[in-house]
Amino acid sequence: MAKKASVRDVRRTNRALLVRHLLMAGETSRSAVGVDTGLSPATVTSVMAELLEERTVREEGFLDSLGGRRRVIVGLNPDAAVLFGADVGETRVTTAAFDLTLGRLAERATSFSGRRIDPEHVMDVVLEHVESLLAELEFDRSKVLGLGLGVPGIVENPASEHDADAIVHAEVLGWKAVTFAGFADRLGFPVYLDNGAKTTTQAEAWYGSAKDIDHAIVVLIGDGAGAGIITNGRLYRGSSSSAGEWGHTKISLDGIRCRCGSHGCVETFVGASAVLERWRGREDSWTGRETEGVDALLAAAAEGDERALDALRGLVEHLGLALSNLVNLYNPQKIIIGGWFGDLIAERFLEDIGSAMRRFSLEQPGSEAVLERSRLGQEAVALGAATLPLDRFIEMGWPQ
Ligand SMILES: [Zn+2]
């Protein structure tokens with residue numbers, strides 16, 4: 001038998017509904033909040049009083065309404081809290097500070113050229129970033145709701161309340177079942193982990209190209225490749241949260257060896273290093289200088305270098321093929337391309353990639369799927385990571 005919801009549960013649910021609505025709606029009025037959320041006027045009044053008292057919500061100015069009385073503008077108070085989002089990439093760690101409405105306040109980034117980062121090192125770097133951001137913004141730790149960490153690979157028990165519970169398997173970084181245990185104590189506030197492609201997908205669903213889309217896929221292409229899948233408006237995770245490891249689905253029996261140890265993986269055809277290797281060969285390695293390499297590749301192609309053009313044509317074909325598998329499997333309304341390398345290639349070749357995708361897809365789902373470049377760009381991973389502590393705040397309120 002289902003347990004009867006307590007008065008406190010109902011109150012918490014109503015509060016969460018209201019805060020989530022205010023986050024998405026921006027500035028609005030009490031009466032509009034009631035209409036949009038379906039909560040009764042009495043409930044809106046009572047929950048709003050609580051939110052105003054804790055300064056989560058502020059009233060500011062008036063909305064002019066035609067003929068009627070003026071309505072007070074209500075909205076989330078951006079200054080009420082700070083959230084951090086960190087993007088742990090293959091060669092770079094970026095930590096950004098956000099206000100309560102996820103407005104970006106400032107960020108810090110550290111690059112690691114040509115070497116692998118280990119979790120200890122990530123913790124040291126992020127801690128340094130956080131200290132420096134807190135000092136710059138003159139924020140007190142008590143205002144921090146938490147830090148979200150978007151990492152490569154599979155995260156078991158994502159967004160756990162205890163940092164030791166989230167287990168990360170990132171073969172590309174040599175991380176085998178690592179945890180970030182003790183990190184929350186070092187920071188002095190909670191830490192929540194998830195896969196970077198999934199946090200990016202969350203950001204795209206809240207603010208970006210996947211907003212209000214029930215069936216969308218966000219593919220993130222850098223040196224590696226991953227995907228976040230939204231079905232029926234929710235992020236699809238699978239049984240142990242590894243769903244979306246699209247970069248290691250196979251599109252060939254041949255090809256160069258993947259960092260996961262296998263052959264024929266999508267990322268060995270569409271990842272930045274793989275494409276650079278197809279252009280200049282392995283000996284002229286761009287390891288640790290991939291962005292520089294990609295700039296050189298695009299410049300060479302613009303000058304008509306046949307091998308550069310070949311490498312790019314191969315990329316477009318293989319990416320179209322790999323995307324068509326997503327189309328046939330998931331029947332998405334939209335596929336959004338992001339990630340630093342994905343963004344560069346989508347900017348230039350979106351149309352070609354789209355026609356390759358449709359050519360390899362079944363006709364009906366292929367004709368439905370719209371391919372887009374991410375509107376959030378490279379900022380999406382850190383922003384998405386910051387939605388983890390924000391989501392916790394919305395559901396649970398201020399830490400007791
Ligand atoms: Zn692989």
Side-chain angles (χ1 to χ4, degrees), residues 2-3 87-88 90 119 148-181 183 190-206 210 213-222 224-251 258-268 322-336 338-339 365 369 380-381 384-385 387-392 394-396:
K3 230 171 84 185
D87 166 12
V88 180
E90 294 134 337
L149 200 62
V151 296
I154 297 163
V155 180
E156 279 185 85
N157 309 315
S160 292
E161 210 168 331
H162 302 291
D163 51 15
D165 291 347
I167 302 163
V168 187
H169 310 270
E171 280 162 290
V172 296
L173 292 176
W175 295 2
K176 288 180 184 154
V178 306
T179 73
F180 285 76
F183 196 23
V191 176
Y192 308 96
L193 265 81
D194 203 350
N195 163 276
K198 292 193 174 68
T199 64
T200 305
T201 304
Q202 191 68 71
E204 294 285 355
W206 281 18
I213 306 277
D214 282 338
H215 302 276
I217 297 178
V218 178
V219 298
L220 211 61
I221 308 171
I229 298 148
I230 294 173
T231 62
N232 288 319
R234 299 185 73 90
L235 189 63
Y236 179 71
R237 289 187 176 274
S239 66
S240 56
S241 207
S242 83
E245 285 293 328
W246 169 71
H248 300 283
T249 57
K250 315 296 184 258
I251 50 173
C258 181
R259 292 176 294 182
C260 74
S262 192
H263 289 269
C265 294
V266 165
E267 69 175 50
T268 66
L323 292 173
S324 77
N325 290 333
L326 293 175
V327 169
N328 288 353
L329 280 170
Y330 294 101
N331 185 202
Q333 295 157 277
K334 215 182 234 193
I335 296 185
I336 297 142
V381 186
T387 65
L388 297 171
L390 183 55
D391 212 36
R392 176 63 55 125
I394 292 170
E395 294 302 327
M396 309 302 290

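Side chains are part of it too, since the values below use all heavy atoms of this structure and drop only hydrogens, waters and symmetry mates.
In this structure, the side chains of H248 and V266 stay at 4.5 Å or more apart for every pair of heavy atoms. Inter-residue side-chain proximity for H215 and N331 is flagged as unmet; no heavy-atom pair is nearer than 4.5 Å. Residues S242 and H169 form no side-chain contact, since every pair of their non-hydrogen atoms from C-beta on lies 4.5 Å or further apart. Residues S262 and K250 have side chains in contact (heavy-atom distance under 4.5 Å, counting atoms from C-beta outward). With a 4.5 Å cut-off on side-chain heavy atoms, F180 and V168 count as touching. Residues I230 and K334 have side chains not in contact (no heavy-atom distance under 4.5 Å, counting atoms from C-beta outward). Contact of the L390 side chain with the W206 side chain is registered, since non-hydrogen atoms from C-beta on lie closer than 4.5 Å. Contact annotation: the side chain of C258 never approaches that of H263 to less than 4.5 Å [non-hydrogen atoms, C-beta and beyond].
When all heavy atoms of Q333 and D214 are compared, the pair lying nearest together is OE1-N, 3.3 Å. Across all non-hydrogen atoms, the minimal contact from D163 to A181 is OD1-CA, 3.8 Å. The heavy-atom pair separating I213 from A216 by the smallest distance is CG2-CB, 3.8 Å. Scanning all heavy atoms of the two residues, the minimum distance from S240 to I154 falls at O-CG2, 4.2 Å. A pairwise comparison of heavy atoms in A159 and Y192 identifies O-CD2, 3.8 Å as the closest pair. Closest approach of L388 to G148, counting heavy atoms only: CD1-CA, 4.2 Å.
Using a distance-only test at 3.5 Å, with no hydrogens or angles considered, a donor-acceptor pair links the side chain of E267 to the main chain of A225. Here the side chain of N195 pairs a donor or acceptor atom with the backbone of A197 at under 3.5 angstrom. In this structure, K198 contributes its side chain and A243 its backbone to a donor-acceptor pair below 3.5 Å.
Atom CG of L235 is separated from atom OG1 of T201 by 6.0 Å, given to the nearest 0.5 angstrom. Remark: D87 CG to T199 OG1 distance equals 7.5 Å, nearest 0.5 Å. Atom OH of Y330 sits about 10.5 Å away from atom CG of N325, to the nearest 0.5 Å. Atoms CD1 and OG, from I167 and S241 in turn, are 11.5 Å apart once rounded to the nearest 0.5 Å. With rounding to the nearest 0.5 angstrom, the OG1 atom of T387 is 4.5 Å from the CD atom of Q202. Atoms CD1 and CH2, from I221 and W246 in turn, are 4.5 Å apart once rounded to the nearest 0.5 Å.
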Report the C-alpha separation of D194 and R237 in whole Å, then their side-chain angles, then the decisive distance to 0.1 Å, and conclude whether the side chain to side chain contact (heavy atoms under 4.5 Å, CB included) test is met.
CA-CA 11 Å; D194 203 350; R237 289 187 176 274; 2.7 Å; yes
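Under the salt bridge (Lys or Arg N to Asp or Glu O under 4.0 Å) criterion, E156 pairs with no residue at all, not counting sequence neighbours.
Within 6.0 Å of the CD atom in E171, the count of heavy atoms belonging to other residues, nucleotides or ligands does not exceed 12.
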